[in-house]
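In what follows, a structure is listed as structure tokens, so that the remarks can point back to it.
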2 protein chains.
Amino acid sequence: MTTEPSRIPAAEPLRVDARNNRTRIVEAARDLFATQGLDVTMTDIARHSGVGVATLYRRFPTKDSLVTEAFAEQIELCASVVADALADPDPWRAFHTVLEQVCAMQAVDRGFTGAFTSRFPDSATFDQLRARAEQGFGELADRAKASGHLRADFTFDDITLLLMANGGIVADSRRTALAASRRLVALMLHAFRATGAEPLPPAPHLGLQHVVRPPAAH
Amino acid sequence: MTTEPSRIPAAEPLRVDARNNRTRIVEAARDLFATQGLDVTMTDIARHSGVGVATLYRRFPTKDSLVTEAFAEQIELCASVVADALADPDPWRAFHTVLEQVCAMQAVDRGFTGAFTSRFPDSATFDQLRARAEQGFGELADRAKASGHLRADFTFDDITLLLMANGGIVADSRRTALAASRRLVALMLHAFRATGAEPLPPAPHLGLQHVVRPPAAH
DNA sequence: AAACAAGTGGAGGAAGCCCTCCACTTGTTT
DNA sequence: AAACAAGTGGAGGGCTTCCTCCACTTGTTT
């Protein structure tokens with residue numbers, strides 16, 4: 001019976017200075033995670049937000065919780081990209097648009113992959129949104145296949161494969177990383193098309209949880 | 001004027017027990033690097049070789065030097081794969097065989113990418129072999145393009161792109177990782193072929209030094 | 001404006017990493 | 001077999017990381 005319209009955070013009123021600090025912390029975290037990856041130290045984030053570490057820890061009791069909060073927007077954006085695509089009447093356009101957009105997000109944000117693959121025991125929302133995205137990907141692939149645009153031997157794991165591969169792209173400038181990612185996606189989509197395709201080696205049995213870079217998080 | 005037939009290591013005679021320990025260390029290191037990546041601790045490597053850390057450090061004054069030694073075989077194998085391909089009269093077969101083999105090596109060994117991208121200030125051999133491999137890749141690509149099998153808008157950076165992408169593949173079993181890598185390479189090679197190719201987005205200007213996973217090494 | 005809960009910063013604890021030191025053991029040489 | 005250099009193991013130094021503690025400050029309430 002909270003008065004809050006959506007979201008969960010409400011909880012406690014929070015003093016105005018505290019609220020400002022919290023905002024600055026999340027902004028700094030997003031910035032640093034995006035440009036340097038999830039390995040930035042808590043001290044660094046604190047310094048960039050102009051607060052002490054204690055303040056940071058008072059608001060986010062663990063680094064994971066900060067990561068979760070920092071990427072909440074991103075995963076919602078992700079989910080909406082999938083939702084939009086599901087509303088698109090053109091199956092092939094929907095399919096390639098989703099992959100292009102998600103891969104672009106991944107390429108531009110160095111923390112993206114790590115954030116989405118590390119475990120977040122506290123955040124059910126996260127897992128839930130991810131599961132829905134996964135389901136949406138499958139649906140889009142099925143439609144594209146049914147429409148004859150996507151090769152018949154395409155499997156869901158090929159999406160995982162592309163996301164893993166795209167996660168391997170790192171460059172020192174965001175622009176370069178994005179360009180590289182775009183080219184990779186274009187090449188892969190070309191290969192995914194149902195043109196006179198020679199047979200592929202059997203699809204590996206993966207699952208979305210494999211989109212993981214072990215040393216990245218934590 | 002050493003009596004040693006090839007290699008460099010000779011240097012000091014080394015007592016037999018020490019020689020055995022050294023061998024065991026390198027074997028353990030190779031094993032652990034391959035299965036767990038470059039992040040395994042020196043203590044771990046020492047324990048797995050049945051020696052104390054001091055022994056390890058006496059033989060390899062720094063972790064980097066151990067990595068270098070552990071991957072010496074691999075880079076030579078790499079170089080010979082390139083050399084073999086350069087001797088192949090069929091340009092397309094040479095081209096795809098090289099990429100398949102190198103990517104397979106990378107997929108099977110979790111430390112591979114990190115080892116080849118971190119700096120090894122002491123080992124000129126390493127950089128030299130890498131440079132030669134780079135040159136060989138370029139030559140093979142040129143030949144494949146000249147023969148009309150490789151699309152005209154292919155650039156050297158596309159090789160880098162594939163290696164980065166392939167480096168993103170991680171799975172908990174070696175078999176799975178290899179299967180995934182094989183499929184990725186097959187898809188990419190399909191896209192590289194000179195069949196009625198629609199234009200690609202412009203190639204990113206990379207360079208082989210970008211095949212890097214920042215948090216991996218050291 | 002007084003009073004108090006809420007908020008704050010920085011020192012430092014616990015753990016993990018690479019690497020060093022040194023008293024002890026062991027292979028090798030004469 | 002005696003003597004000695006070479007080799008060894010494990011404690012711990014220095015650093016970095018995440019996170020906690022507590023004396024102090026500040027916004028808010030009556």
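Just so it is clear: chains get the letters A, B, ... in the order the sequence lines come, proteins before strands, and each one is counted from 1. Atoms considered below: every heavy atom in the structure, side chains included; atoms not considered: hydrogens, waters and symmetry mates.
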* To do: Consider the side chain of A/Arg58, meaning its heavy atoms from C-beta on, and name the nucleotide among C/dT8, C/dT28, C/dC18 that approaches it most closely.
  => C/dT8
* Structure fact -> Among the nucleotides D/dC18, D/dT28, C/dT28, whichever has the atom closest to the side chain of B/Arg15 is C/dT28
* Side chain of A/Thr23, backbone of A/Arg19: donor and acceptor closer than 3.5 Å? -> yes
* Structure fact -> In Watson-Crick or G-U wobble terms, with both distances under 3.5 Å, the base opposite D/dT30 is C/dA1
* Rounded to the nearest Å, what distance is computed from the CG atom of residue A/Leu56 to the C1' atom of nucleotide C/dG10? -> 14 Å
* Asked: Salt bridge between A/Arg59 and A/Glu69, side-chain N to carboxylate O under 4.0 Å?
  -> no
* **Separation of atom CZ in B/Arg19 from atom C1' in C/dG27, rounded to whole Å** => 16 Å
* Structure fact -> Whole-Å distance, B/Asp39 CG to C/dC17 P, equals 10 Å
* To do: Would you kindly give the CG-to-C1' distance between A/Asp64 and D/dT17, to the nearest whole Å?
  => 14 Å
* To do: Without swapping roles, check the side chain of B/Ser173 against the backbone of B/Thr176 for a donor-acceptor pair under 3.5 Å.
  => yes
* Structure fact -> In whole angstroms, the gap separating P of D/dG7 from CZ of B/Phe60 amounts to 13 Å
* May I ask you to verify if any side-chain N or O of B/Thr55 is less than 4.0 angstrom from the OP1 or OP2 atom of D/dG9? => yes
* Structure fact -> Judged by nearest nucleotide, the residue sitting upstream toward the 5' end of DNA chain C, B/Thr43 or A/Gly52, is A/Gly52
* To do: Answer yes or no: does a side-chain N or O of A/Asn21 lie under 4.0 Å from OP1 or OP2 of C/dT8?
  => yes
* **Sugar-phosphate, base or nothing in reach of A/Ala54, heavy atoms under 4.0 Å** => base
* Distance, rounded to the nearest Å, where B/Met42 contributes CE and D/dG14 contributes P -> 20 Å
* Is the distance between the ring centroids of A/Phe95 and A/Phe154 under 6.0 Å? -> yes
* Asked: Is a side-chain donor-acceptor pair under 3.5 Å present for A/Thr55 with A/Asn21?
  -> no
* From the options D/dT17, D/dG7, C/dC17, select the nucleotide whose nearest atom is closest to the side chain of A/Thr41. => D/dT17
* Base paired to D/dT17 (Watson-Crick or G-U; both N/O distances under 3.5 angstrom) -> C/dA14
* To do: Could you check which nucleotide pairs with D/dT8 in any of the strands shown, counting Watson-Crick or G-U wobble with both distances under 3.5 Å?
  => C/dA23
* To do: Output yes when at least one side-chain N/O atom of A/Thr62 is less than 4.0 Å from OP1 or OP2 of D/dC18, else no.
  => no
* Calculate the interatomic distance between A/Leu66 atom CG and D/dC18 atom C1'; express it in whole Å. => 12 Å
* So does B/Arg59 get a side-chain nitrogen or oxygen closer than 4.0 Å to the phosphate oxygens (OP1/OP2) of D/dT8? -> yes
* Asked: Taking the side chain of B/Val53 as heavy atoms from C-beta outward, which of C/dC19, D/dC18, C/dT8 is closest to it?
  -> C/dC19
* Structure fact -> Ranking C/dG27, D/dG27, C/dT20 by distance to the side chain of B/Tyr57, first place goes to C/dT20
* Base, sugar-phosphate, or nothing: which does A/Arg47 touch, judged by heavy atoms less than 4.0 Å apart? -> nothing
* Structure fact -> Ranking C/dC18, C/dG9, D/dC18 by distance to the side chain of B/Lys63, first place goes to C/dC18
* Asked: Whole-Å distance between C/dA6 P and A/Asn20 CG?
  -> 19 Å
* Salt bridge present between A/Arg130 and A/Glu134 (N-O < 4.0 angstrom) -> no
